[in-house]
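In what follows, chains carry the letters A, B, and so on, assigned in the order in which the sequence lines appear, proteins first and then strands, with residues in each chain numbered from 1.
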Number of protein chains: 2
Amino acid sequence: MSLRHSLLGLLAEQPRTGYELTRLFDESLLNVWPASHSQIYPELAKLAADGLIRQTASGSRGKKVYAITPEGLDEVMAWLRTEPDHSTKNPSFLRVFFLWLMEPEDAVAFLEREELEHEAKLREFEAKAELPVRDTSREWAFRLALDWGVRYEREMLEWNAWARRVIEERRTPAGSARARR
Amino acid sequence: MSLRHSLLGLLAEQPRTGYELTRLFDESLLNVWPASHSQIYPELAKLAADGLIRQTASGSRGKKVYAITPEGLDEVMAWLRTEPDHSTKNPSFLRVFFLWLMEPEDAVAFLEREELEHEAKLREFEAKAELPVRDTSREWAFRLALDWGVRYEREMLEWNAWARRVIEERRTPAGSARARR
DNA sequence: CGGGCCATGTAATTTGTTACATGATTCC
DNA sequence: GGAATCATGTAACAAATTACATGGCCCG
(Lines give C-alpha, C1' and ligand atoms only; values in the text may rest on other atoms or scores of the structure.)
Protein backbone atom coordinates (compact mmCIF):
# COMPACT_ATOMS: atom_id res chain seq x y z
CA MET A 1 0.00 0.00 0.00
CA SER A 2 3.00 2.30 0.19
CA LEU A 3 2.97 3.13 -3.49
CA ARG A 4 -0.69 4.02 -3.29
CA HIS A 5 -0.17 6.30 -0.32
CA SER A 6 2.91 8.01 -1.61
CA LEU A 7 1.06 8.85 -4.81
CA LEU A 8 -1.72 10.34 -2.71
CA GLY A 9 0.86 12.22 -0.64
CA LEU A 10 2.44 13.77 -3.72
CA LEU A 11 -0.96 14.68 -5.12
CA ALA A 12 -1.93 16.26 -1.79
CA GLU A 13 0.52 19.02 -2.64
CA GLN A 14 -0.79 19.75 -6.10
CA PRO A 15 -2.37 18.07 -9.13
CA ARG A 16 0.10 16.24 -11.32
CA THR A 17 0.34 13.85 -14.24
CA GLY A 18 1.56 10.27 -14.06
CA TYR A 19 4.68 11.33 -15.85
CA GLU A 20 5.42 14.06 -13.32
CA LEU A 21 4.81 11.61 -10.49
CA THR A 22 7.21 9.15 -12.09
CA ARG A 23 9.89 11.81 -12.23
CA LEU A 24 9.22 12.88 -8.65
CA PHE A 25 9.67 9.30 -7.51
CA ASP A 26 13.00 9.17 -9.27
CA GLU A 27 14.13 12.50 -7.91
CA SER A 28 13.05 12.39 -4.32
CA LEU A 29 11.57 9.06 -3.28
CA LEU A 30 14.10 6.87 -5.09
CA ASN A 31 16.05 6.25 -1.91
CA VAL A 32 13.10 5.25 0.21
CA TRP A 33 10.59 3.89 -2.27
CA PRO A 34 11.56 3.33 -5.89
CA ALA A 35 8.70 2.96 -8.37
CA SER A 36 8.58 2.82 -12.15
CA HIS A 37 5.99 4.17 -14.53
CA SER A 38 4.70 0.65 -15.21
CA GLN A 39 3.61 0.48 -11.61
CA ILE A 40 2.46 4.07 -11.30
CA TYR A 41 0.05 4.26 -14.23
CA PRO A 42 -2.05 1.23 -13.26
CA GLU A 43 -2.11 2.41 -9.64
CA LEU A 44 -3.37 5.84 -10.70
CA ALA A 45 -6.18 4.13 -12.61
CA LYS A 46 -7.10 2.17 -9.47
CA LEU A 47 -6.98 5.26 -7.28
CA ALA A 48 -9.29 7.04 -9.69
CA ALA A 49 -11.65 4.04 -9.78
CA ASP A 50 -11.72 4.12 -5.97
CA GLY A 51 -12.52 7.82 -5.96
CA LEU A 52 -9.37 8.83 -4.10
CA ILE A 53 -8.10 10.90 -6.99
CA ARG A 54 -9.83 12.27 -10.05
CA GLN A 55 -8.69 13.35 -13.48
CA THR A 56 -9.15 17.10 -13.65
CA ALA A 57 -7.60 17.96 -16.99
CA SER A 58 -6.00 16.56 -20.07
CA GLY A 59 -3.42 18.05 -22.36
CA SER A 60 -1.49 17.39 -25.50
CA ARG A 61 0.23 14.03 -26.05
CA GLY A 62 -2.49 12.28 -24.07
CA LYS A 63 -1.49 14.00 -20.86
CA LYS A 64 -3.79 13.38 -17.87
CA VAL A 65 -3.76 15.57 -14.79
CA TYR A 66 -4.94 14.01 -11.55
CA ALA A 67 -6.03 15.79 -8.37
CA ILE A 68 -6.63 14.32 -4.95
CA THR A 69 -10.24 14.15 -3.70
CA PRO A 70 -11.37 14.80 -0.09
CA GLU A 71 -11.65 11.00 0.33
CA GLY A 72 -8.09 10.64 -0.93
CA LEU A 73 -6.84 13.23 1.52
CA ASP A 74 -8.58 11.39 4.37
CA GLU A 75 -6.90 8.21 3.22
CA VAL A 76 -3.35 9.66 3.31
CA MET A 77 -3.93 11.24 6.67
CA ALA A 78 -5.18 7.91 8.04
CA TRP A 79 -2.13 6.17 6.57
CA LEU A 80 0.19 8.67 8.22
CA ARG A 81 -1.33 7.78 11.57
CA THR A 82 -0.77 4.04 11.12
CA GLU A 83 2.27 2.32 12.57
CA PRO A 84 4.88 1.89 9.82
CA ASP A 85 6.46 -1.45 9.05
CA HIS A 86 10.09 -1.24 10.14
CA SER A 87 11.43 -4.09 8.06
CA THR A 88 13.89 -3.20 5.33
CA LYS A 89 15.75 -5.02 2.62
CA ASN A 90 19.25 -4.06 1.73
CA PRO A 91 20.70 -6.21 -1.06
CA SER A 92 24.03 -4.44 -0.88
CA PHE A 93 24.44 -4.79 2.86
CA LEU A 94 23.29 -8.40 2.76
CA ARG A 95 26.63 -9.23 1.21
CA VAL A 96 28.45 -8.02 4.31
CA PHE A 97 27.08 -11.03 6.15
CA PHE A 98 28.85 -13.23 3.64
CA LEU A 99 32.09 -11.31 3.43
CA TRP A 100 33.76 -14.12 5.35
CA LEU A 101 33.32 -16.39 2.33
CA MET A 102 35.69 -14.19 0.34
CA GLU A 103 39.41 -13.86 0.53
CA PRO A 104 40.32 -10.78 2.61
CA GLU A 105 41.55 -8.91 -0.47
CA ASP A 106 38.27 -9.56 -2.27
CA ALA A 107 36.30 -8.42 0.77
CA VAL A 108 38.33 -5.21 0.88
CA ALA A 109 37.84 -4.72 -2.85
CA PHE A 110 34.10 -5.10 -2.35
CA LEU A 111 34.12 -2.49 0.40
CA GLU A 112 36.15 -0.14 -1.76
CA ARG A 113 33.60 -0.37 -4.54
CA GLU A 114 30.86 0.29 -2.00
CA GLU A 115 32.78 3.29 -0.75
CA LEU A 116 32.65 4.83 -4.22
CA GLU A 117 28.89 4.38 -4.32
CA HIS A 118 28.43 6.04 -0.97
CA GLU A 119 30.77 8.87 -1.81
CA ALA A 120 28.76 9.54 -4.95
CA LYS A 121 25.49 9.47 -3.02
CA LEU A 122 26.93 11.76 -0.37
CA ARG A 123 28.06 14.29 -2.97
CA GLU A 124 24.64 14.13 -4.59
CA PHE A 125 22.86 14.78 -1.29
CA GLU A 126 25.26 17.53 -0.28
CA ALA A 127 24.77 19.24 -3.63
CA LYS A 128 21.01 19.13 -3.15
CA ALA A 129 21.40 20.50 0.36
CA GLU A 130 23.28 23.51 -1.05
CA LEU A 131 20.30 24.52 -3.12
CA PRO A 132 18.28 27.43 -1.72
CA VAL A 133 15.44 26.38 0.57
CA ARG A 134 12.04 27.64 -0.28
CA ASP A 135 10.39 27.69 3.11
CA THR A 136 7.26 25.81 2.18
CA SER A 137 5.98 22.93 4.25
CA ARG A 138 6.86 20.32 1.70
CA GLU A 139 10.36 21.68 1.22
CA TRP A 140 11.30 21.46 4.86
CA ALA A 141 10.02 17.91 5.13
CA PHE A 142 12.15 16.99 2.12
CA ARG A 143 15.04 18.77 3.83
CA LEU A 144 14.66 16.62 6.91
CA ALA A 145 14.86 13.55 4.72
CA LEU A 146 17.82 14.97 2.81
CA ASP A 147 19.68 15.66 6.01
CA TRP A 148 19.15 12.08 7.02
CA GLY A 149 20.59 10.99 3.68
CA VAL A 150 23.75 13.02 4.31
CA ARG A 151 24.13 11.60 7.81
CA TYR A 152 23.52 8.08 6.56
CA GLU A 153 26.14 8.26 3.83
CA ARG A 154 28.74 9.84 6.11
CA GLU A 155 28.21 7.17 8.73
CA MET A 156 28.35 4.48 6.06
CA LEU A 157 31.70 5.81 4.87
CA GLU A 158 33.09 5.83 8.39
CA TRP A 159 31.87 2.31 8.99
CA ASN A 160 33.31 1.22 5.66
CA ALA A 161 36.79 2.54 6.49
CA TRP A 162 36.63 0.92 9.92
CA ALA A 163 35.47 -2.42 8.48
CA ARG A 164 38.39 -2.45 6.06
CA ARG A 165 40.82 -1.85 8.91
CA VAL A 166 39.31 -4.78 10.82
CA ILE A 167 39.79 -7.05 7.84
CA GLU A 168 43.37 -5.91 7.27
CA GLU A 169 44.20 -6.45 10.93
CA ARG A 170 42.77 -9.94 10.88
CA ARG A 171 44.92 -10.73 7.88
CA THR A 172 48.15 -9.53 9.50
CA PRO A 173 47.68 -9.55 13.27
CA ALA A 174 50.17 -6.88 14.34
CA GLY A 175 52.42 -7.75 17.26
CA SER A 176 50.31 -10.54 18.67
CA ALA A 177 50.24 -14.23 17.87
CA ARG A 178 47.60 -15.25 15.37
CA ALA A 179 44.46 -15.53 17.40
CA ARG A 180 42.24 -17.27 14.92
CA ARG A 181 40.70 -20.47 16.14
CA MET B 1 17.80 -13.85 -6.36
CA SER B 2 18.86 -12.55 -2.97
CA LEU B 3 16.90 -15.13 -1.02
CA ARG B 4 18.45 -17.89 -3.08
CA HIS B 5 21.96 -16.61 -2.53
CA SER B 6 21.61 -15.93 1.15
CA LEU B 7 20.40 -19.49 1.65
CA LEU B 8 23.46 -20.71 -0.19
CA GLY B 9 25.63 -18.39 1.90
CA LEU B 10 24.26 -19.78 5.14
CA LEU B 11 24.66 -23.34 3.91
CA ALA B 12 28.25 -22.60 2.88
CA GLU B 13 29.07 -22.48 6.56
CA GLN B 14 27.47 -25.78 7.49
CA PRO B 15 24.56 -28.07 6.58
CA ARG B 16 21.24 -26.97 8.06
CA THR B 17 17.53 -27.66 7.94
CA GLY B 18 14.91 -25.34 6.52
CA TYR B 19 13.75 -24.67 10.03
CA GLU B 20 17.20 -23.64 11.18
CA LEU B 21 17.59 -21.41 8.16
CA THR B 22 14.27 -19.78 8.93
CA ARG B 23 15.45 -19.02 12.46
CA LEU B 24 18.79 -17.72 11.21
CA PHE B 25 17.00 -15.34 8.92
CA ASP B 26 14.98 -14.05 11.83
CA GLU B 27 17.98 -13.73 14.10
CA SER B 28 20.59 -12.24 11.86
CA LEU B 29 19.33 -11.35 8.41
CA LEU B 30 16.01 -9.86 9.53
CA ASN B 31 17.33 -6.32 9.24
CA VAL B 32 18.75 -6.70 5.76
CA TRP B 33 16.64 -9.42 4.19
CA PRO B 34 13.54 -10.72 5.95
CA ALA B 35 12.19 -14.07 4.75
CA SER B 36 9.54 -16.39 6.07
CA HIS B 37 9.40 -20.18 6.05
CA SER B 38 6.75 -20.10 3.33
CA GLN B 39 9.33 -18.59 1.03
CA ILE B 40 12.29 -20.60 2.28
CA TYR B 41 10.94 -24.14 1.91
CA PRO B 42 9.95 -23.83 -1.75
CA GLU B 43 13.26 -22.12 -2.52
CA LEU B 44 15.20 -24.97 -0.90
CA ALA B 45 13.29 -27.41 -3.11
CA LYS B 46 14.28 -25.38 -6.16
CA LEU B 47 17.92 -25.16 -5.09
CA ALA B 48 17.98 -28.93 -4.65
CA ALA B 49 16.34 -29.45 -8.05
CA ASP B 50 19.02 -27.21 -9.57
CA GLY B 51 21.78 -29.19 -7.87
CA LEU B 52 23.09 -26.26 -5.84
CA ILE B 53 22.26 -27.95 -2.56
CA ARG B 54 21.47 -31.54 -1.69
CA GLN B 55 19.64 -33.26 1.11
CA THR B 56 22.23 -35.14 3.13
CA ALA B 57 20.21 -36.43 6.06
CA SER B 58 16.76 -36.63 7.55
CA GLY B 59 15.67 -36.83 11.14
CA SER B 60 12.63 -37.13 13.32
CA ARG B 61 9.54 -34.99 12.67
CA GLY B 62 10.27 -35.00 8.95
CA LYS B 63 13.48 -33.01 9.40
CA LYS B 64 15.59 -32.54 6.27
CA VAL B 65 19.23 -31.51 6.38
CA TYR B 66 20.63 -29.75 3.33
CA ALA B 67 24.27 -29.26 2.39
CA ILE B 68 25.73 -27.01 -0.29
CA THR B 69 27.24 -28.67 -3.37
CA PRO B 70 30.40 -27.51 -5.18
CA GLU B 71 28.13 -25.98 -7.84
CA GLY B 72 26.26 -24.15 -5.11
CA LEU B 73 29.47 -22.80 -3.66
CA ASP B 74 30.53 -21.55 -7.10
CA GLU B 75 27.18 -19.86 -7.40
CA VAL B 76 27.48 -17.91 -4.10
CA MET B 77 31.02 -16.87 -4.89
CA ALA B 78 29.94 -15.62 -8.30
CA TRP B 79 27.05 -13.72 -6.68
CA LEU B 80 29.42 -12.08 -4.22
CA ARG B 81 31.44 -10.75 -7.11
CA THR B 82 28.42 -9.17 -8.82
CA GLU B 83 27.58 -5.52 -8.35
CA PRO B 84 24.82 -5.21 -5.73
CA ASP B 85 21.65 -3.30 -6.35
CA HIS B 86 21.75 -0.20 -4.14
CA SER B 87 18.07 0.57 -4.11
CA THR B 88 16.27 0.24 -0.80
CA LYS B 89 12.74 0.61 0.42
CA ASN B 90 12.02 2.13 3.76
CA PRO B 91 8.30 2.27 4.54
CA SER B 92 8.93 4.01 7.82
CA PHE B 93 11.17 6.70 6.42
CA LEU B 94 8.86 7.23 3.48
CA ARG B 95 6.48 8.93 5.90
CA VAL B 96 9.07 11.59 6.66
CA PHE B 97 8.57 12.94 3.16
CA PHE B 98 4.93 13.49 4.03
CA LEU B 99 5.42 14.87 7.51
CA TRP B 100 4.43 18.27 6.19
CA LEU B 101 0.88 17.01 5.70
CA MET B 102 0.51 16.59 9.45
CA GLU B 103 0.05 19.13 12.16
CA PRO B 104 3.42 19.84 13.84
CA GLU B 105 2.32 18.08 17.03
CA ASP B 106 1.35 14.97 15.07
CA ALA B 107 4.64 15.02 13.22
CA VAL B 108 6.49 15.25 16.53
CA ALA B 109 4.37 12.43 17.95
CA PHE B 110 5.26 10.30 14.94
CA LEU B 111 8.96 10.98 15.46
CA GLU B 112 8.66 10.16 19.15
CA ARG B 113 7.14 6.78 18.34
CA GLU B 114 9.94 6.17 15.86
CA GLU B 115 12.45 7.10 18.51
CA LEU B 116 11.15 4.29 20.72
CA GLU B 117 11.59 1.80 17.90
CA HIS B 118 15.14 2.89 17.26
CA GLU B 119 16.01 2.89 20.94
CA ALA B 120 14.76 -0.68 21.19
CA LYS B 121 16.74 -1.73 18.14
CA LEU B 122 19.84 -0.01 19.47
CA ARG B 123 19.55 -1.81 22.81
CA GLU B 124 19.07 -5.12 21.00
CA PHE B 125 22.16 -4.57 18.87
CA GLU B 126 24.25 -3.36 21.80
CA ALA B 127 23.24 -6.40 23.84
CA LYS B 128 24.30 -8.67 20.97
CA ALA B 129 27.58 -6.79 20.70
CA GLU B 130 28.28 -7.53 24.39
CA LEU B 131 28.20 -11.25 23.75
CA PRO B 132 31.63 -12.91 23.57
CA VAL B 133 33.10 -13.07 20.07
CA ARG B 134 34.14 -16.43 18.83
CA ASP B 135 36.87 -15.55 16.41
CA THR B 136 35.60 -17.52 13.46
CA SER B 137 35.32 -16.05 10.02
CA ARG B 138 31.57 -15.97 10.05
CA GLU B 139 31.43 -14.38 13.47
CA TRP B 140 33.56 -11.41 12.55
CA ALA B 141 31.57 -10.75 9.41
CA PHE B 142 28.40 -10.75 11.50
CA ARG B 143 30.18 -8.41 13.89
CA LEU B 144 30.89 -5.96 11.12
CA ALA B 145 27.21 -5.96 10.26
CA LEU B 146 26.22 -5.63 13.90
CA ASP B 147 28.50 -2.66 14.33
CA TRP B 148 26.82 -1.01 11.40
CA GLY B 149 23.47 -1.62 13.06
CA VAL B 150 24.62 0.15 16.21
CA ARG B 151 25.98 3.10 14.24
CA TYR B 152 22.82 3.29 12.17
CA GLU B 153 20.49 3.36 15.15
CA ARG B 154 22.58 5.93 17.01
CA GLU B 155 22.66 8.20 13.99
CA MET B 156 18.93 7.72 13.50
CA LEU B 157 18.30 8.80 17.08
CA GLU B 158 20.44 11.89 16.66
CA TRP B 159 18.68 12.79 13.46
CA ASN B 160 15.32 12.16 15.09
CA ALA B 161 16.05 14.57 17.97
CA TRP B 162 17.33 17.18 15.53
CA ALA B 163 14.29 16.81 13.27
CA ARG B 164 11.97 17.36 16.21
CA ARG B 165 13.82 20.54 17.13
CA VAL B 166 13.44 21.80 13.56
CA ILE B 167 9.72 21.18 13.68
CA GLU B 168 9.33 22.87 17.06
CA GLU B 169 11.32 25.86 15.86
CA ARG B 170 9.19 26.21 12.78
CA ARG B 171 6.11 26.18 14.97
CA THR B 172 7.36 28.89 17.28
CA PRO B 173 10.09 30.88 15.51
CA ALA B 174 12.11 32.15 18.45
CA GLY B 175 13.10 35.81 18.39
CA SER B 176 12.62 36.39 14.69
CA ALA B 177 9.56 37.33 12.73
CA ARG B 178 7.69 34.41 11.29
CA ALA B 179 9.60 33.57 8.15
CA ARG B 180 7.13 31.30 6.47
CA ARG B 181 6.21 32.39 3.02
C1' DC C 1 13.89 15.22 -40.39
C1' DG C 2 15.95 13.04 -36.54
C1' DG C 3 16.95 12.66 -31.62
C1' DG C 4 15.42 13.44 -27.17
C1' DC C 5 12.03 13.88 -24.11
C1' DC C 6 7.10 13.88 -23.04
C1' DA C 7 3.43 10.74 -22.18
C1' DT C 8 0.75 6.53 -21.36
C1' DG C 9 -0.17 2.13 -21.24
C1' DT C 10 -0.07 -3.62 -21.14
C1' DA C 11 1.82 -8.37 -20.42
C1' DA C 12 4.63 -11.86 -18.53
C1' DT C 13 7.16 -13.23 -14.92
C1' DT C 14 9.17 -13.16 -10.46
C1' DT C 15 8.94 -12.17 -5.60
C1' DG C 16 6.92 -11.75 -1.42
C1' DT C 17 2.98 -11.93 2.06
C1' DT C 18 -0.75 -13.95 4.51
C1' DA C 19 -3.43 -17.55 5.49
C1' DC C 20 -4.28 -22.30 5.52
C1' DA C 21 -2.86 -27.00 6.85
C1' DT C 22 -0.76 -30.73 9.32
C1' DG C 23 1.70 -33.35 12.52
C1' DA C 24 5.65 -34.84 15.83
C1' DT C 25 8.27 -34.16 20.07
C1' DT C 26 9.39 -32.33 24.40
C1' DC C 27 8.72 -30.43 28.78
C1' DC C 28 5.89 -29.40 32.67
C1' DG D 1 -2.80 -33.96 28.90
C1' DG D 2 -1.72 -29.51 27.18
C1' DA D 3 1.38 -25.82 25.66
C1' DA D 4 5.40 -24.61 23.33
C1' DT D 5 8.39 -25.51 19.91
C1' DC D 6 10.09 -28.23 16.14
C1' DA D 7 9.22 -29.16 11.42
C1' DT D 8 7.47 -28.90 6.63
C1' DG D 9 4.67 -27.70 3.33
C1' DT D 10 0.71 -25.37 -0.13
C1' DA D 11 -2.48 -21.79 -1.97
C1' DA D 12 -4.23 -17.39 -2.91
C1' DC D 13 -3.17 -13.01 -3.46
C1' DA D 14 -0.52 -8.72 -3.81
C1' DA D 15 3.43 -6.22 -5.30
C1' DA D 16 7.23 -5.33 -8.24
C1' DT D 17 10.36 -5.93 -12.28
C1' DT D 18 11.33 -6.29 -17.05
C1' DA D 19 10.09 -6.15 -21.47
C1' DC D 20 7.02 -4.90 -24.94
C1' DA D 21 4.42 -1.28 -27.35
C1' DT D 22 3.00 3.14 -29.16
C1' DG D 23 2.89 7.78 -30.42
C1' DG D 24 3.20 13.07 -30.00
C1' DC D 25 5.83 17.32 -29.59
C1' DC D 26 9.82 20.32 -29.74
C1' DC D 27 14.29 21.85 -30.87
C1' DG D 28 18.17 22.19 -33.76
Side-chain angles (χ1 to χ4, degrees), chain A residues 1-8 10-11 15-27 29-50 53 55-66 79 82-91 94, chain B residues 1-8 10-11 15-27 29-50 53 55-66 79 82-91 94:
Chain A
M1 300 277 91
S2 286
L3 173 66
R4 195 175 174 83
H5 292 116
S6 13
L7 287 171
L8 288 174
L10 292 173
L11 289 175
R16 301 182 204 264
T17 67
Y19 187 81
E20 285 170 331
L21 288 163
T22 302
R23 274 191 302 119
L24 262 179
F25 263 84
D26 281 349
E27 284 161 22
L29 300 184
L30 187 67
N31 300 293
V32 288
W33 205 267
S36 60
H37 78 276
S38 64
Q39 224 189 331
I40 290 170
Y41 287 118
E43 193 61 47
L44 286 173
K46 271 192 224 165
L47 283 166
D50 294 345
I53 64 175
Q55 195 191 325
T56 53
S58 49
S60 53
R61 301 182 237 189
K63 183 203 276 202
K64 293 178 181 180
V65 180
Y66 292 100
W79 170 69
T82 61
E83 206 28 47
D85 169 17
H86 288 89
S87 73
T88 48
K89 292 183 180 181
N90 191 327
L94 177 61
Chain B
M1 300 275 90
S2 287
L3 173 65
R4 195 176 175 82
H5 292 117
S6 11
L7 287 171
L8 288 173
L10 292 173
L11 290 175
R16 303 182 205 262
T17 67
Y19 188 80
E20 285 171 331
L21 289 164
T22 303
R23 273 191 302 118
L24 263 178
F25 264 84
D26 281 349
E27 284 161 23
L29 299 185
L30 188 67
N31 299 294
V32 288
W33 204 268
S36 59
H37 79 276
S38 65
Q39 222 189 334
I40 290 170
Y41 287 118
E43 192 61 45
L44 287 172
K46 270 192 225 167
L47 283 166
D50 294 346
I53 64 175
Q55 194 190 326
T56 53
S58 49
S60 53
R61 300 183 238 190
K63 185 202 272 197
K64 293 179 181 178
V65 180
Y66 291 100
W79 169 68
T82 60
E83 207 26 50
D85 168 16
H86 289 89
S87 72
T88 48
K89 292 184 181 183
N90 192 327
L94 178 60

Most 5' of A/S36 and A/S60 on DNA chain D, judged by nearest nucleotide: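 Final value for this comparison: A/S36.
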
[X] [atom1] to [N] [atom2], straight-line distance once rounded to whole Å:
X     : N      : atom1 : atom2 : value
A/D85 : C/dG16 : CG    : P     : 14 Å
A/H5  : D/dA15 : NE2   : P     : 10 Å
B/K64 : D/dG9  : NZ    : P     : 3 Å
B/K63 : D/dG9  : NZ    : P     : 14 Å
A/L44 : C/dT10 : CG    : C1'   : 15 Å
B/Y66 : D/dG9  : OH    : P     : 5 Å
B/E27 : D/dT5  : CD    : C1'   : 14 Å
B/E43 : D/dG9  : CD    : C1'   : 15 Å

Side-chain N,O (A/K89) to OP1/OP2 (C/dT15) below 4.0 Å: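 A/K89 to C/dT15 OP1/OP2: no side-chain N or O under 4.0 Å.
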
Phosphate-side-chain proximity, A/Y19 and C/dT8, N/O vs OP1/OP2 below 4.0 Å: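 Answer no for this pair, as no side-chain N or O of A/Y19 is under 4.0 Å from OP1 or OP2.
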
Donor-acceptor pair, side chain of A/T88 and main chain of B/N31, under 3.5 angstrom: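 It does hold such a pair.
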
Side chain of [X] only, please: which of [options] is the nearest?
X     : options               : result
B/P42 : D/dG9, C/dG9, D/dT10  : D/dT10
A/Q39 : D/dA15, C/dT8, D/dT8  : D/dA15
B/S38 : D/dC6, D/dG24, C/dT17 : C/dT17

Interatomic distance, A/T22 atom OG1 to A/L29 atom CG [nearest 0.5 angstrom]: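 Separation between the atoms: 11.5 Å.
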
A/K46 side, atom NZ; A/L7 side, atom CG - distance, nearest 0.5 Å: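 Answer for the NZ-CG pair, A/K46 versus A/L7, is 11.0 Å.
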
